[in-house]
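These notes are about the structure you will find just below.
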Protein chains: 2
Amino acid sequence: MTDTTHSIEPDTTDAQLDRLLDAAAAAAPLWEDRTPHDRAAVLVAIADALEAHADGLVAEAIIETGLPQARLSGELNRTCVQLRMFAEELIDGTFLDVIIDRADPDFVLGARPDLRRYQIPVGPVLVFAASNFPFAFSVAGTDTASALAAGCPVVLKAHPGHPRTSAATADVVAGALSAAGAPDGTFALISGFRAGTRALEDPRIAAAAFTGSVAGGRALFDIAAARPNPIPFFGELGSVNPAVVTAGALDERAEAIASGFVGSFTLGAGQFCTKPGILLVPAGSPITDQITTLAQQVPAARMLTAKIAEGYHNRIEEAAAAPGVEVLVKGTASTGESGVPEVTPTLLRTTAEQLVAQADTLLEESFGPAAIIAEYGTEDEVNRVLNGVDGTLTVTVHTRTEPTPDEREQLRSLTRIAATRAGRLVFNGWPTGVAVTPAQHHGGPYPATTAVSHTSVGTTAIRRFLRPVTYQDAPEVLLPAPIQERNPLAIPRTVNSAGQSSTWGRAQS
Amino acid sequence: MTDTTHSIEPDTTDAQLDRLLDAAAAAAPLWEDRTPHDRAAVLVAIADALEAHADGLVAEAIIETGLPQARLSGELNRTCVQLRMFAEELIDGTFLDVIIDRADPDFVLGARPDLRRYQIPVGPVLVFAASNFPFAFSVAGTDTASALAAGCPVVLKAHPGHPRTSAATADVVAGALSAAGAPDGTFALISGFRAGTRALEDPRIAAAAFTGSVAGGRALFDIAAARPNPIPFFGELGSVNPAVVTAGALDERAEAIASGFVGSFTLGAGQFCTKPGILLVPAGSPITDQITTLAQQVPAARMLTAKIAEGYHNRIEEAAAAPGVEVLVKGTASTGESGVPEVTPTLLRTTAEQLVAQADTLLEESFGPAAIIAEYGTEDEVNRVLNGVDGTLTVTVHTRTEPTPDEREQLRSLTRIAATRAGRLVFNGWPTGVAVTPAQHHGGPYPATTAVSHTSVGTTAIRRFLRPVTYQDAPEVLLPAPIQERNPLAIPRTVNSAGQSSTWGRAQS
């Protein structure tokens with residue numbers, strides 16, 4: 001299999017990297033100094049520029065990734081909406097998490113000084129772009145948008161799967177930043193494995209974000225952790241995304257579940273981190289046949305890169321060969337004009353018991369259009385599977401729209417286990433299609449992510465790149481604007497919140 | 001030097017540890033299930049019990065640590081106040097960070113499902129107790145209080161410096177938990193290096209907290225990061241805590257600064273993580289003589305353990321022997337009745353330039369009653385020192401109470417650099433004495449901590465042990481109470497916050 005990765009952009013040299021990191025370090029205090037309103041205007045300017053260049057960017061991405069025009073246009077729109085949403089967060093100001101405790105001579109533990117806390121940017125952020133979202137998780141994607149919003153310069157390591165799209169997007173971003181008056185060094189694109197790992201080791205980088213495979217992400221996490229000064233590494237790695245279907249749900253809408261599942265696990269040739277890889281169904285249910293029939297009708301779709309296709313092929317070969325696994329639909333692979341394999345879906349069948357017994361083989365992500373239907377006999381078997389799953393971005397549950405009292409008890413137990421494994425619990429829907437919104441959580445325990453308390457989608461993603469600092473008894477003239485007593489930026493703030501209620505006041509008596 | 005560590009408590013065996021970890025894992029869902037109000041009542045019950053046993057606990061700690069009665073009584077009070085303060089946080093409910101985005105068919109990126117996000121406990125937490133606060137950072141200290149508040153069972157690794165105090169405190173905590181009806185396994189004490197490291201490697205542990213040395217903390221951080229599933233490790237390690245005195249401040253109150261500094265760096269025999277280890281003063285200022293005189297008058301104070309005393313001795317020998325370093329006050333060490341060395345302060349003098357030139361030797365923590373006075377010629381020299389300091393918990397600045405316009409500019413530049421290095425900036429005061437309050441930030445870049453975005457003092461310390469989970473389109477009957485539409489717990493919540501302002505709404509046009 002030839003790797004057709006479009007690596008026409010030359011790798012960043014050591015000398016180039018050094019200059020870019022110097023520029024990022026120099027930009028950090030200047031970019032931090034811009035008011036949240038100013039940074040918001042710059043993010044909006046980037047969104048405007050991407051929209052103005054949408055046709056050319058999408059055309060380039062179609063050639064490089066083989067993804068359809070509608071999908072890429074929608075993704076570019078999402079990218080712009082993300083930028084605008086972070087701009088809105090900046091204007092709102094809650095992200096600064098301002099907490100003020102004014103001096104209190106009668107504080108329960110003795111006189112308390114004036115303390116004012118808010119969030120400041122961590123410093124230059126290194127972002128490793130993803131393969132599967134050439135816009136929304138790439139050059140101007142959610143990691144870049146949230147880091148810039150936080151006040152951090154961004155050094156973006158381009159994904160080799162779409163180098164021309166990356167370079168073109170970077171040109172638009174850099175042009176917009178420059179036109180909007182952002183400091184030089186606020187954003188830079190780098191290319192090549194060596195440049196990425198050297199940047200990750202560099203003291204000028206204060207945090208890193210990554211979306212990709214478990215193997216790649218873990219290797220980078222290990223580098224970040226082994227530094228003389230370890231830095232936060234926000235990796236979104238791999239996820240199995242199990243889905244459970246109850247007998248009640250099948251009574252209500254088996255056909256819709258079958259078509260929804262096939263649509264979800266084959267969407268984008270199954271190359272989504274939220275692809276449902278496992279479907280747990282009641283043993284003997286006819287839904288398996290319905291799913292099989294639908295999966296056979298899905299046309300071939302191009303994989304993102306030859307390397308990804310090869311990894312996928314090896315992964316499903318391994319799963320299909322496992323004891324107790326039956327191949328319901330055997331996917332085909334052919335190499336089209338692009339030189340990158342085009343594949344049809346693969347569907348496997350096994351039992352819940354086999355999933356648990358062979359967790360290392362079967363409860364692992366396969367990045368492509370493959371899924372395993374696992375039949376369960378009892379609710380306990382479902383719970384054992386969920387308990388055996390590693391950290392995952394999502395767990396999906398299909399149940400009756402109005403669960404019966406009997407079902408509720410069982411579902412509460414299932415939901416509890418699912419919450420220990422996943423960052424998002426999806427009911428009566430599918431995990432692909434991650435809404436970009438404040439309440440979103442795109443995260444989960446390892447290996448879903450390397451930082452269980454953070455999300456890479458939605459507005460709270462900005463929190464990854466902030467850290468608190470507290471000013472104690474500072475003269476007003478030395479206070480940063482967000483924590484000045486007169487509150488010139490009109491930031492929401494929590495003031496003197498301790499000791500308000502009787503429980504805690506008890507200590508004062 | 002004999003190590004007089006009071007290791008009379010037998011080390012936890014592997015079999016005992018296994019049972020305790022099983023119990024913690026079993027307690028996790030039960031403790032999580034308690035409402036925030038219920039957990040608050042349990043924290044208050046622990047505080048009540050500690051207060052009821054205060055005399056005995058303090059008496060034991062006096063024997064083991066040699067710290068004075070007033071200090072230990074005050075620390076126990078602080079410990080109880082912390083528990084009550086976290087109880088108040090639980091009752092307030094803001095810590096759950098509830099964000100609700102109701103379904104929206106007209107959302108800018110297409111129909112949006114109902115998304116409800118809140119914070120859940122990460123799971124059982126391993127806490128490594130500190131040597132220097134036998135109550136406030138030990139068995140029932142801030143790590144334990146914040147983890148229990150978050151809904152996490154706690155496995156507490158006792159510090160070998162005060163084993164009987166630890167065991168006695170653990171008995172009080174366990175008794176209070178049991179009497180208040182907390183699940184078995186909610187709290188356990190373990191002893192011994194092997195038990196601590198094995199627990200840290202164990203899959204039943206979901207996060208760890210530590211207060212101690214850079215060497216010890218880094219070794220544990222590395223274990224946490226090397227696990228098959230890495231877990232968050234909240235280590236508070238070492239800190240230099242530089243303090244800067246301007247010429248204007250000396251004009252105003254040289255004497256008060258001299259006595260404040262000596263009081264701060266010798267407090268608790270200098271065994272505070274916030275001890276100011278470096279004092280930058282204008283070259284030729286008479287304050288150096290004032291400080292020297294005062295330091296010579298400080299009586300000998302007992303170190304916490306013989307091992308700490310040995311490390312301290314080696315550290316100051318190294319610093320005193322460095323080129324360009326003058327010994328102003330040479331500390332003495334004698335072994336008292338307890339077998340643990342009692343020491344008088346050591347005061348060194350050098351220049352700001354030497355600090356930068358020998359940063360590896362001089363800009364390092366010395367855990368004991370020693371400090372370096374460094375004379376500077378220009379403001380640039382001060383900035384270079386601050387730029388050369390590793391991450392630190394605090395930077396202190398003494399300036400005029402009302403800085404002149406000229407001073408302000410220089411101070412803004414200094415403050416900016418300080419904020420890149422420290423978690424707390426102290427003005428016209430001293431860093432020891434860390435107020436326990438919502439606006440506190442006791443943290444900072446590595447090696448001050450291993451998790452730059454988190455604090456180990458103050459109510460936001462609870463955030464370390466929480467992680468988000470989002471429910472998508474869940475039937476109301478399956479929603480946890482904090483995110484039910486009818487809000488039965490009356491939790492503060494952010495609802496439908498996206499797309500409120502014109503900037504972001506722009507994307508909808």
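Here the structure is a predicted model, which means the values were calculated and not measured. Residue numbers begin at 1 in each chain, while the letters A, B, ... track the order of the sequences.
- Interface remark: of the candidates A:Val98, A:Asn229, A:Val122, A:Asn229 forms the most heavy-atom pairs closer than 4.5 Å to chain B.
- When the candidates A:Pro232, A:Ala207, A:Ala47, A:Pro403 are compared by the number of heavy-atom contacts under 4.5 Å with chain B, A:Pro403 comes out ahead.
- Only the backbone of A:Thr401 comes within contact range of chain B, with heavy atoms under 4.5 Å apart.
- Proximity to chain A (any heavy atom under 4.5 Å) is shown, for B:Ala418, by neither the backbone nor the side chain.
- Of the listed residues (A:Thr420, A:Val469, A:Thr494), the one with the most heavy-atom contacts under 4.5 Å to chain B is A:Val469.
- Aromatic ring pairs are classed by plane angle as parallel below 30°, tilted from 30° to 60° and perpendicular above 60°; the pair B:Phe234 and B:His454 is perpendicular.
- Using a 4.0 Å cut-off between charged nitrogen and carboxylate oxygen, A:Arg78 and A:Glu75 do not count as a salt-bridge pair.
- For B:Glu32, the part lying near chain A is the side chain, with the backbone staying farther off; criterion is any non-hydrogen pair under 4.5 Å.
- Contacts between B:Arg227 and chain A at a heavy-atom distance below 4.5 Å involve the backbone alone (N, CA, C, O).
- Chain B forms more heavy-atom pairs under 4.5 Å with one residue of A:Thr399, A:Leu109, A:Asp473 than with any other, namely A:Leu109.
- No part of A:Asp114 comes within reach of chain B, as not one of its non-hydrogen atoms sits under 4.5 angstrom from that chain.
- Ring pair A:Tyr118/A:Tyr471 is tilted by interplanar angle, where 30° to 60° counts as tilted.
- For B:Arg416, the part sitting under 4.5 Å from any heavy atom of chain A is the side chain, from C-beta outward, and nothing else.
- Of all the listed residues (B:Ala435, B:Ala225, B:Ala422), the one sharing the greatest number of non-hydrogen pairs under 4.5 Å with chain A is B:Ala225.
- Of the atoms belonging to B:Asp390, not a single heavy atom falls under 4.5 Å from chain A.
- If you measure heavy-atom distances from B:Arg102 to chain A, you find no contacts under 4.5 Å at all.
- For B:Ile120, the part lying near chain A is the side chain, with the backbone staying farther off; criterion is any non-hydrogen pair under 4.5 Å.
- Using a 4.5 Å cut-off between heavy atoms, B:Ala224 does not touch chain A at all.
- In this structure, chain A has no heavy atom under 4.5 Å from any part of B:Pro480.
- Residue contact with chain A, scored on non-hydrogen atoms closer than 4.5 Å, involves the side chain of B:Thr460 exclusively.
- Interface residue A:Pro228: only backbone heavy atoms are found under 4.5 Å from chain B.
- By number of non-hydrogen pairs under 4.5 angstrom with chain B, the leading residue of A:Pro468, A:Gly433, A:Pro29 is A:Pro468.
- Looking at A:Ala28, neither its backbone nor its side chain comes within 4.5 Å of chain B, counting heavy atoms on both sides.
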